[in-house]
Novice: 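Sending over a structure as structure tokens; questions will come in a sec.
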Amino acid sequence: MDDLDRRILTALQKNNRISLTELAEIAGSSAASCMRRVNKLRSDGVITADISLVDPKALGKSLTVVLTVELERERLDLVDEFKRAMRAAKEVTQCYVVTGDADFVLIVAVEDVEALDVFVKTKLYTNPNVRKFKSMIALDRVKFEPRVLV
């Protein structure tokens, strides 16, 4: 990956709906070169998706909660089962396997405290492999950059 690829990625992470002409101008290259490079970045798996970011509050999900989860046992099949359950949980917007005191960190978006209570009761308390969890309610989003700085 060279500087041109990095300029292309930086521009696309800010707005992936810009035209190839605009991208070429920003990146300092030709539209044809940018198109070839974008296609290669996609085929190489560097660009993994073209998505629209949605404000959770606009959809009524006004409560963002960070949860740390500690599992009872860390057998591979049980860890995989928990991963599958979190992928399927519509409330979970992000899920990370982590090192340290917790095994997982979850970012959960729900309507209110009652919806959080339902999530906890149906997804965590009912899972026999969840030893304990801690929740932190986000009061203010100070920074949100769903991009990798290149």
Side-chain angles (χ1 to χ4, degrees), residues 1-2 4-20 22-23 26-27 34-150:
M1 182 175 309
D2 62 13
L4 179 54
D5 287 333
R6 286 183 180 81
R7 289 193 303 273
I8 289 170
L9 288 172
T10 298
L12 289 177
Q13 286 183 108
K14 290 178 183 172
N15 179 4
N16 73 344
R17 294 185 58 173
I18 60 175
S19 69
L20 279 173
E22 292 171 295
L23 180 60
I26 292 167
C34 284
M35 184 173 70
R36 280 191 303 276
R37 285 176 179 257
V38 168
N39 288 337
K40 180 158 178 27
L41 290 165
R42 284 188 174 117
S43 67
D44 289 350
V46 176
I47 297 174
T48 59
D50 293 296
I51 61 171
S52 295
L53 297 176
V54 178
D55 181 356
K57 288 181 182 178
L59 299 177
K61 312 286 185 184
S62 60
L63 192 64
T64 300
V65 184
V66 179
L67 286 150
T68 60
V69 178
E70 187 179 329
L71 299 181
E72 190 68 44
R73 293 174 302 287
E74 295 185 35
R75 277 191 358 228
L76 187 57
D77 61 325
L78 296 173
V79 171
D80 286 344
E81 180 183 311
F82 187 79
K83 287 179 182 180
R84 277 190 298 280
M86 293 306 101
R87 282 188 199 105
K90 63 179 177 46
E91 302 89 349
V92 177
T93 62
Q94 298 175 57
C95 177
Y96 301 94
V97 178
V98 297
T99 61
D101 294 335
D103 297 307
F104 286 86
V105 172
L106 311 176
I107 308 298
V108 173
V110 290
E111 294 84 356
D112 49 31
V113 174
E114 289 79 20
L116 175 62
D117 187 50
V118 169
F119 170 80
V120 165
K121 286 177 179 172
T122 60
K123 303 296 191 295
L124 301 179
Y125 281 136
T126 60
N127 187 323
N129 197 35
V130 172
R131 177 182 300 152
K132 65 180 179 179
F133 63 89
K134 294 180 184 177
S135 62
M136 297 168 277
I137 294 176
L139 300 176
D140 185 21
R141 181 165 72 181
V142 177
K143 182 178 180 179
F144 178 73
E145 286 193 48
R147 59 188 173 115
V148 177
L149 301 176
V150 290

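Nothing fancy with the numbering, it's 1 onward along the sequence. Computed from a prediction, not measured in an experiment: that's the story for all the values here.
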Novice: With a 4.5 Å cut-off on side-chain heavy atoms, are Phe119 and Val65 touching?
Specialist: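 No, too far: nothing below the 4.5 Å cut-off.
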Novice: Atom CG of Leu124 and atom CG of Leu67: how far apart are they, to the nearest 0.5 Å?
Specialist: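 One finds 6.5 Å between CG of Leu124 and CG of Leu67.
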Novice: Does Asp117 reach the main-chain N or O of Val113 with its side chain, forming a donor-acceptor pair under 3.5 Å?
Specialist: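 It does not hold such a pair.
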Novice: Taking only residues at least two apart or on different chains, which pairs with a member in residues 55-90 satisfy ring pair (Phe, Tyr, Trp, His ring centres under 6.0 Å)?
Specialist: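 For residues 55-90, and leaving out neighbouring residues, the ring pair (Phe, Tyr, Trp, His ring centres under 6.0 Å) pairs sorted by first residue read Phe82-Phe104.
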Novice: Does any part of the side chain of Leu71, heavy atoms only, come nearer than 4.5 Å to the side chain of Leu78, both counted from C-beta?
Specialist: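 They are not in side-chain contact.
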Novice: Is there a side-chain contact between Leu53 and Phe144 (heavy atoms, below 4.5 Å)?
Specialist: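 The answer is yes; the side chains approach within 4.5 Å.
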Novice: Name all residues meeting the side chain to side chain contact (heavy atoms under 4.5 Å, CB included) criterion together with Ser52; count only those two or more places apart in sequence or in a different chain, and write none if there are none.
Specialist: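 By the side chain to side chain contact (heavy atoms under 4.5 Å, CB included) rule, Ser52 matches no residue at all.
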Novice: Should the pair Asp101-Lys132 be classified as a salt bridge under the 4.0 Å nitrogen-to-oxygen rule?
Specialist: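 No.
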Novice: Can you check whether Met136 reaches Thr68 side chain to side chain, under 4.5 Å on heavy atoms?
Specialist: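 They are in contact (side-chain heavy atoms under 4.5 Å apart), so the answer is yes.
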Novice: Could you tell me whether a side-chain N or O of Ser62 sits under 3.5 Å from a main-chain N or O of Glu111, the two making a donor and an acceptor?
Specialist: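 Indeed, once roles are kept as given, a pair shorter than 3.5 Å links the two residues.
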Novice: Heavy atoms, side chains only, cut-off 4.5 Å: are Met1 and Leu9 in contact?
Specialist: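 Yes, close enough: below the 4.5 Å cut-off.
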Novice: Could Arg75 and Asp77 be called an ion pair, given the rule that one side-chain N must be under 4.0 Å from one carboxylate O?
Specialist: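 Asp77 and Arg75: salt-bridged.
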Novice: When rounded to the nearest 0.5 angstrom, what distance separates CG in Asp5 from CZ in Arg37?
Specialist: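 Between atom CG of Asp5 and atom CZ of Arg37 there are 4.5 Å.
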Novice: Mind checking the NZ-CG spacing from Lys61 to Asp112? Nearest 0.5 Å is all I need.
Specialist: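 Reported value, rounded in 0.5 Å steps: 9.5 Å.
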Novice: Has the side chain of Ser43 got a donor or acceptor atom that lies under 3.5 Å from a matching backbone atom of Lys40?
Specialist: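 Yes.
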Novice: Filter on side chain to side chain donor-acceptor pair (under 3.5 Å), then keep only pairs touching residues 6-17, sequence neighbours left out; what's left?
Specialist: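 Checked against side chain to side chain donor-acceptor pair (under 3.5 Å) - neighbours excluded - the pairs reaching residues 6-17 are Asn16-Asp50.
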Novice: Is it the case that the side chain of Asn129 and the backbone of Arg73 share a donor-acceptor pair, with hydrogens and angles ignored and the cut-off at 3.5 Å?
Specialist: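 Yes; judged by distance alone, with no hydrogens or angles, the pair exists.
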Novice: Quick check: does any side chain N or O of Asp44 sit under 3.5 Å from a backbone N or O of Val46, one acting as donor and the other as acceptor?
Specialist: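 Side chain of Asp44 to backbone of Val46, a donor-acceptor pair under 3.5 Å: no, none is there.
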Novice: Are side-chain heavy atoms of Arg131 and Asp103 found at a separation under 4.5 Å?
Specialist: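 No, side chains not in contact.
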